[in-house]
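Note on naming: letters A, B, ... go to the chains in the order of the sequence lines (proteins, then strands), and numbering restarts at 1 for each one.
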Amino acid sequence: MKNTTMEYDSMNLGKFLTEDNIFLTLEQVNLAAEISQTLTTRPRQQWQVYLNILAKLGTIEWLRMRSPELIQNDSVQLSNPSINQLQVGNFRLNLIVTDSSHNSEVCVPRAILENSQTQSSFYVLIEVIEDVPVLEDSEEQVNVSLLGYLTQAQLNQHNPIILDDELALFSTDWFEFKPDKLLLYLRCFEPETVSSQQRLSQAVQPALNVGDWLKNQLGQIAEELSWTLLPPLSYSSAFRDLRSPMELFTDAVTELRNQAQLVIPFEARTAYRDLVWGEIAMRLYVTTWQINTNINSPEWTLLLLLTSQPSSSLPVRTQLTVRDELQVLEEPVLTNPTQDYIYAQVIGAYNEQFFVTIHFPNGTAITLPPFTFIG
Amino acid sequence: MGSALRYWCWVRLNSGGKRQVEEIPTAKALFQQQFPQLMNSEVPDGVIQRQLVHLMRSETTSEDSQTQLGAEFCLRCFISQQIEQTCSELARRFGEMGGFNQIDLLPFVLDDFELLPRSTPKTDTNYESLANKILRTFNPERGQLSTWTARLVKSHPELNRFLWDCGVHLQSDWSILNNYHPKQLERLLTEVYNYSSILAQKSGEILDSYQTVYLSDRLQKNRSRSRCQPPSPEQLNRIIADLEEKGFNNYTPDDLLEELESLAEFIRRSRQPQREPLLDNTPQETIDETEGEMGEFLQRYRQLLLTQLDQAILHVLNDRLSSFKKRKPPKDKIFIQALQLYCLSQPMSEIARKVGLQKQYQVTRLLQLITLRQDIQKRLLVILKEQVIQLARYYTNPTQLECLEQAVAAEIDRIIAEAERETMSFNCSRESLFNRRLCRLIESHYQP
């Protein structure tokens with residue numbers, strides 16, 4: 001008889017609720033149940049989807065309570081396959097549901113592991129108490145608490161146990177049980193540096209010397225990275241190949257001169273590089289020239305212009321970040337789909353380095369090797 | 001094993017709600033007659049309970065109806081003691097933090113008011129005491145009466161409701177089974193409980209069939225929501241049918257129910273109850289070098305912090321209010337009212353009474369003073385980030401960002417301490433300092 005072997009264990013009796021938790025209403029719970037049935041057919045999958053929706057609704061309510069500026073719009077995406085994901089600013093939260101903070105392991109779909117390798121991903125452990133002892137007409141039907149989180153970098157240090165083709169197990173010991181710290185990241189963190197390795201790699205990467213360009217040379221590193229040096233600017237070229245990189249750049253520069261009073265001297269030199277990220281085909285033009293106003297401390301300019309390759313377009317909220325070793329200097333964002341490009345201009349001393357990152361609205365980013373000017 | 005006394009001493013609440021223990025002569029006489037050698041010793045409960053249940057349930061002639069009644073009273077005495085013990089464990093584990101004691105719990109479950117034979121017709125009511133229900137449903141072949149009693153006490157609806165209001169959640173077996181994946185169960189049984197893989201797989205199939213039936217019922221449209229109940233006989237039959245389709249035959253509803261309950265118990269025991277989520281606002285005692293350096297650096301932005309502090313407090317308060325306003329029913333009024341009462345140094349239980357809440361925990365949950373402070377700190381961090389480019393590098397490294405938050409918290413404390421120097425004693429905790437500032441703002445910005 002199995003029951004007799006089970007001694008009564010008061011430690012497993014029950015648990016305290018957190019103070020910082022969220023209740024969902026009957027309306028929300030019914031909505032979740034309804035949607036779950038339209039998305040899948042097997043009862044357990046429906047149940048999982050149902051819990052995921054409850055977790056997502058609860059997380060949104062929690063953020064709305066704790067940090068309303070993070071939740072911009074009221075519409076909530078509740079369709080597959082994003083049912084266990086939530087985009088908050090530049091961060092993607094992968095929601096992992098558990099029914100008790102006391103569980104030592106949690107089941108996660110393996111798809112979550114394969115889809116989110118970006119450094120701005122968090123895995124958030126959420127307790128959903130679906131079986132709340134309340135009265136039928138109460139507005140507090142389901143209780144949701146954010147228990148803790150795990151960054152992608154932290155997850156990479158562990159080996160999830162593979163259960164079958166679809167499921168893996170995470171140990172709950174991997175999670176940091178401090179929801180407030182997650183909030184600190186979401187509100188204050190600079191996304192491109194969620195991975196400190198990435199910053200480290202910036203420091204050791206050889207810099208690209210744009211000073212070479214003024215000597216009509218591309219330089220070894222730029223050559224290796226498939227940069228193309230353009231001829232000196234000429235606003236009235238005899239050849240008008242309308243879709244050539246040179247022509248497109250000249251058009252943009254003309255527009256900048258007219259609209260932003262940004263004047264590029266004739267001795268400036270430009271190189272460009274085509275980049276592809278997912279479905280986005282971009283072109284980055286980099287222009288440099290010297291500023292010799294002060295002979296004792298000569299300076300140089302780096303002008304960056306990010307546009308799409310012909311037949312592609314840049315997504316809204318694409319952002320170009322230029323920083324020096326201490327801080328962000330410029331970070332223009334594409335705000336309007338009709339906008340063709342974004343640009344940034346910085347000025348530095350000889351040998352100073354600038355770091356350039358392109359951020360995409362889905363939270364991913366490309367960091368380029370640093371630019372410098374060796375006089 | 002335990003003392004024989006438990007079979008003739010009856011614990012009850014008198015009409016004044018006071019706990020009383022009574023010796024029941026009928027029960028004692030019966031026990032003496034049946035187990036004369038066990039009167040003064042530790043007794044084997046399993047053997048005794050089987051015998052008593054047998055006597056109680058046997059077909060009777062009129063001369064041994066006294067035996068039947070005596071056996072029933074023995075068992076009800078035992079049940080009353082066990083109910084009390086379960087309540088005492090709940091109180092020991094959760095009472096201090098939850099703000100209740102054993103006496104608060106007993107009225108829900110110790111509701112056997114007088115020892116009458118169960119067959120005595122009740123006057124036009126369906127009322128059944130918990131002890132009666134335990135006795136009616138107990139099967140001595142399937143386990144101990146103590147386990148069965150504890151199980152029914154812990155799943156008692158009103159007791160659960162009361163504990164929930166105190167911030168304590170007891171999860172039912174059925175809720176545990178709903179949320180555990182059969183594959184995970186198979187792994188648990190083989191890895192932790194040394195099940196053979198065939199046996200573990202069978203248990204996985206049982207859980208799978210249970211979920212197929214139980215979860216689809218629970219997700220049904222237009223169902224009225226209620227707590228998870230044990231599967232009904234009809235549900236058990238559908239689960240058995242599902243198992244038969246998979247080639248697992250010969251389950252009776254009772255077998256199946258027992259099997260499911262023991263699976264839930266395995267899962268429950270695999271948990272780590274020592275871990276509670278942290279609502280961490282304990283200041284770090286050791287200020288490391290980086291934080292010290294940041295602190296010095298922050299001194300330069302003192303003026304900015306000073307002018308922004310009250311703004312940040314009001315900003316977060318207003319965010320909270322508009323969030324509470326959207327609740328159904330709106331809670332913004334009781335939130336600010338509770339805060340005002342808190343600022344008048346009213347105890348939490350008193351605040352609860354005045355704003356119409358049941359328990360202290362509900363006030364704590366409404367006010368959330370710790371998270372309120374955390375959110376205000378973060379608001380200041382955002383302001384600093386926007387206004388002080390020299391601080392930007394601290395926002396790019398997790399450790400530095402945490403240090404910065406600590407440094408800002410410490411700086412806020414210093415700022416408030418200086419501002420309030422005349423009125424506060426120096427030994428004030430950082431919480432009381434901060435809350436003092438909060439209260440001043442509430443006083444000047446929100447009408448009582």
Side-chain angles (χ1 to χ4, degrees), chain A residues 1-4 6 8-20 25-26 29 33-34 36-37 43-44 46-47 50 64-68 99-104 107 129-133 136 139 141 145 147 163-164 167 169 177-178 180 183-184 187-190 193 196 326-328, chain B residues 89-90 93 97 142-144 147 150 157 160-161 164 167-172 175 179 181 183-184 187 211-212 215-216 219 224-228 262 265 268-273 275-280 319 323 328 364-365 368 371 374-375 378 381-382 385 389 392-393 395-397 401 405:
Chain A
M1 220 163 30
K2 289 193 193 70
N3 281 346
T4 49
M6 298 224 182
Y8 184 60
D9 184 351
S10 71
M11 283 307 279
N12 283 312
L13 211 53
K15 64 186 280 290
F16 279 113
L17 299 169
T18 56
E19 285 170 23
D20 179 22
T25 64
L26 190 57
V29 175
E34 219 166 281
S36 73
Q37 289 175 327
R44 191 177 39 252
Q46 287 179 344
W47 184 256
Y50 166 69
R64 196 169 275 153
M65 172 86 175
R66 297 287 311 267
S67 200
D99 63 336
S100 168
S101 55
H102 291 177
N103 281 328
S104 49
C107 236
I129 302 179
E130 195 270 342
D131 186 25
V132 168
E136 269 173 41
E139 281 299 326
Q141 292 286 336
S145 311
L147 298 177
L163 269 188
D164 63 10
L167 295 168
L169 288 179
F177 273 61
K178 287 182 180 170
D180 188 61
L183 213 51
L184 177 67
R187 289 189 69 166
C188 300
F189 210 39
E190 288 296 334
T193 53
S196 50
L326 288 180
Q327 61 205 8
V328 174
Chain B
E89 281 179 63
L90 285 166
R93 173 124 166 73
M97 230 176 110
R142 293 189 181 273
Q144 301 258 5
T147 315
N160 269 273
R161 171 83 202 155
W164 180 266
V168 177
H169 176 49
L170 308 185
Q171 193 179 6
S172 69
S175 163
N179 296 306
H181 198 283
K183 287 272 186 253
Q184 196 184 354
R187 183 176 170 277
Q211 291 181 345
T212 303
L215 295 181
S216 73
L219 281 173
S224 65
R225 272 183 61 77
S226 56
R227 281 215 87 181
C228 292
S262 78
E265 194 57 29
R268 202 190 289 277
R269 290 159 137 280
S270 73
R271 292 181 165 174
Q272 301 174 322
R275 189 197 295 117
E276 300 292 346
L278 292 170
L279 200 56
D280 186 20
D319 278 352
S323 165
K328 291 177 207 163
T364 319
R365 201 182 153 263
Q368 288 190 23
T371 62
Q374 289 171 338
D375 292 347
K378 269 173 212 69
L381 278 175
V382 171
K385 181 181 167 186
I389 191 98
R393 62 190 162 121
Y395 292 80
T396 61
N397 171 307
L401 183 56
E405 192 185 27

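- Of all non-hydrogen atoms in B:Tyr395 and A:Phe189, the two that sit nearest each other are O-CD1, 3.1 Å.
- When side chains are defined from C-beta on, B:Gln211 does not count as touching A:Trp47, because their heavy atoms never get closer than 4.5 Å.
- Looking at A:Arg66 and B:Thr371, their side chains come closer than 4.5 Å, going by heavy atoms from C-beta outward.
- Here the side chain of B:Gln368 pairs a donor or acceptor atom with the backbone of A:Glu19 at under 3.5 angstrom.
- Within the 4.5 Å cutoff, the side chain of B:Lys378 has heavy atoms near those of the A:Asp180 side chain.
- Residue A:Leu183 touches chain B through both its backbone and its side chain, counting heavy-atom pairs closer than 4.5 Å.
- Of the listed residues (B:Asn179, B:Leu381, B:Asn160, B:Leu170), the one with the most heavy-atom contacts under 4.5 Å to chain A is B:Asn179.
- With a 4.5 Å cut-off on non-hydrogen atoms, A:Leu184 touches chain B through its backbone and its side chain both.
- Side-chain atoms of B:Gln171 and A:Asp131, non-hydrogen and from C-beta on, never get closer than 4.5 Å to each other.
- Considering SG of A:Cys107 and CD of B:Gln184, their distance stands at 4.5 Å, rounded to 0.5 Å.
- Between A:Arg187 and B:Lys385, the closest side-chain pair of non-hydrogen atoms is not below 4.5 Å.
- A pairwise comparison of heavy atoms in B:Leu219 and A:Pro43 identifies CD1-O, 4.4 Å as the closest pair.
- Atom SG of A:Cys188 sits about 5.5 Å away from atom CG of B:Leu401, to the nearest 0.5 Å.
- Listed options B:Thr212, B:Val382, B:Asp375 were ranked by heavy-atom pairs under 4.5 angstrom with chain A; first place goes to B:Asp375.
- In terms of heavy-atom pairs under 4.5 Å with chain A, the best-connected choice from B:Gly167, B:Ser323, B:Ser175 is B:Gly167.
- Taking A:Ser100, A:Pro133, A:Ser145 one by one and counting their heavy-atom pairs under 4.5 Å with chain B, the maximum is reached by A:Pro133.
- Most heavy-atom pairs under 4.5 Å with chain A, from the set B:Lys183, B:Arg268, B:Arg187: that is B:Arg187.
- Between the side chain of A:Gln46 and the backbone N or O of B:Ser216 there is no donor-acceptor pair closer than 3.5 Å.
- Of the charged side-chain nitrogens involved, at least one lies within less than 4.0 Å of a carboxylate oxygen, so that B:Arg271 and A:Asp99 count as a salt-bridged pair.
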